[in-house]
Amino acid sequence: MAVDPISYDKSDLRGIVKAFKAMDEKAVEQAKGVSNGLATYVQSKIIASASGRPNKAASRIAQGSRVSKSSKIGELSFGFVSQKFSGGGTTQQLWGGYEFGSNKYKQFPVWSGRGARGGSAGYFIYPTLRAEQPHIISEWENAFTKILKEW
């Protein structure tokens with residue numbers, strides 16, 4: 001049974017939000033830079049993972065992901081209406097099928113099975129996020145500790 005190595009409860013997350021509110025503009029800009037860098041790092045890992053999948057759609061979905069430039073916490077988005085496949089579908093409609101699979105719809109891979117927390121395991125996005133979680137959290141905590149000490 002896999003266990004999440006690190007997790008935050010709601011009071012921890014509220015504390016992080018309070019810290020952001022107390023920071024001045026320069027500190028917020030530094031926080032955005034660190035978070036953006038970590039999200040970009042994870043995005044590259046997901047793209048690499050998707051390129052190893054047998055279908056080209058997974059790679060296209062991963063390459064079309066976007067990192068939010070204005071986010072203080074590093075947000076990564078997948079699936080957009082503007083990214084169309086030749087059959088008329090969009091990555092917004094199809095990313096879930098290619099990530100988690102389906103036993104009902106044959107155009108998708110077979111269902112990926114149960115994940116550690118009871119949901120679907122996934123093929124290229126969620127396994128990569130789970131594998132990189134310890135590194136991301138460690139880097140994020142180190143960077144924010146430095147930023148908070150400075151300000």
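Throughout, residue positions are numbered sequentially from 1 according to the sequence presented. These numbers were taken from a predicted model, which means no experiment stands behind them.
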Practice item. Check whether any side-chain N or O of Arg130 sits under 3.5 Å from a backbone N or O of Ala121 as a donor-acceptor pair, and report yes or no. Key: yes

Review point. Ser65 side chain to Ser77 main-chain N or O, any donor-acceptor pair under 3.5 Å?
Key: no

Point to revise | Test salt bridge (Lys or Arg N to Asp or Glu O under 4.0 Å) applied to Glu29 - qualifying residues, sequence neighbours left out | key: Lys32

Study note, to complete from the structure: The reported gap from CD in Gln30 to CG in Asp24 (rounded to nearest 0.5 angstrom) is 8.5 Å

**Study point:** Tyr123 side chain near Ser112 side chain, heavy-atom distance below 4.5 Å
**Key:** yes

Review point. Just wondering, do Phe108 and Tyr98 contact through their side chains at under 4.5 Å, heavy atoms?
Key: yes

Practice item. Would you give the length of the straight line joining atom CD of Gln63 to atom OG of Ser44, rounded to the nearest 0.5 angstrom? Key: 12.0 Å

Practice item. Consider only side-chain N and O atoms of Tyr41 and Glu139, and report whether a donor and an acceptor are under 3.5 Å apart. Key: no

Point to revise | Side chains of Ile61 and Phe85 in contact at under 4.5 Å (non-hydrogen atoms) | key: yes

Practice item. Using a 4.5 Å cut-off on heavy atoms from C-beta on, say whether the side chain of Leu76 contacts that of Ile46. Key: yes

Exercise for review: Could you check Phe144 against Val34 for side chain to side chain contact (heavy atoms under 4.5 Å, CB included), going step by step and ending with a plain yes or no?
Suggested key: CA-CA 8 Å; Phe144 277 75; Val34 168; 4.1 Å; yes

**Study point:** Under 3.5 Å: donor-acceptor pair, side chain of Thr145, backbone of Glu141
**Key:** yes

Exercise for review: Locate the shortest heavy-atom distance separating Ser120 from Trp111; write the atom from each residue and the value.
Suggested key: OG-NE1, 2.8 Å

Exercise for review: To the nearest 0.5 Å, tell me how far Trp140 CH2 sits from Gln133 CD.
Suggested key: 13.0 Å

Exercise for review: Nearest 0.5 Å please: distance from the OG atom of Ser51 over to the CZ atom of Arg60.
Suggested key: 16.0 Å

Point to revise | Distance (rounded to the nearest 0.5 Å) between Thr128 OG1 and Gln43 CD | key: 12.0 Å

Practice item. Spell out, as yes or no, whether a donor-acceptor pair under 3.5 Å connects the side chain of Glu132 to the backbone of Lys45. Key: no

Revision key, fill the gap. For Tyr126 and Glu99 the tightest heavy-atom approach is N-OE2, 2.9 Å

Point to revise | Gly122 to Pro127 - nearest heavy-atom pair and separation | key: O-CG, 3.5 Å

**Study point:** Atom of Ala39, atom of Val67 and distance for their closest heavy-atom approach
**Key:** CB-CG1, 3.6 Å

Practice item. Decide yes or no for Thr90 and Trp95: does some side-chain heavy atom of the first lie under 4.5 Å from some side-chain heavy atom of the second? Key: no

Check your understanding: Could you state the interatomic distance from OG (Ser35) to CD (Glu75), rounded to the nearest 0.5 Å?
Key -> 9.5 Å

Point to revise | Residue pair Asn55 / Pro109: nearest heavy atoms and the distance that separates them | key: ND2-CG, 4.1 Å

Practice item. Using the rule that two of Ile, Leu, Val, Met, Phe, Trp, Tyr join whenever any of their side-chain heavy atoms come within less than 4.5 Å, decide whether Ile125 and Phe80 are in one cluster. Key: no

Point to revise | Heavy-atom closest pair, residues Ser68 and Asn36 | key: O-ND2, 3.6 Å

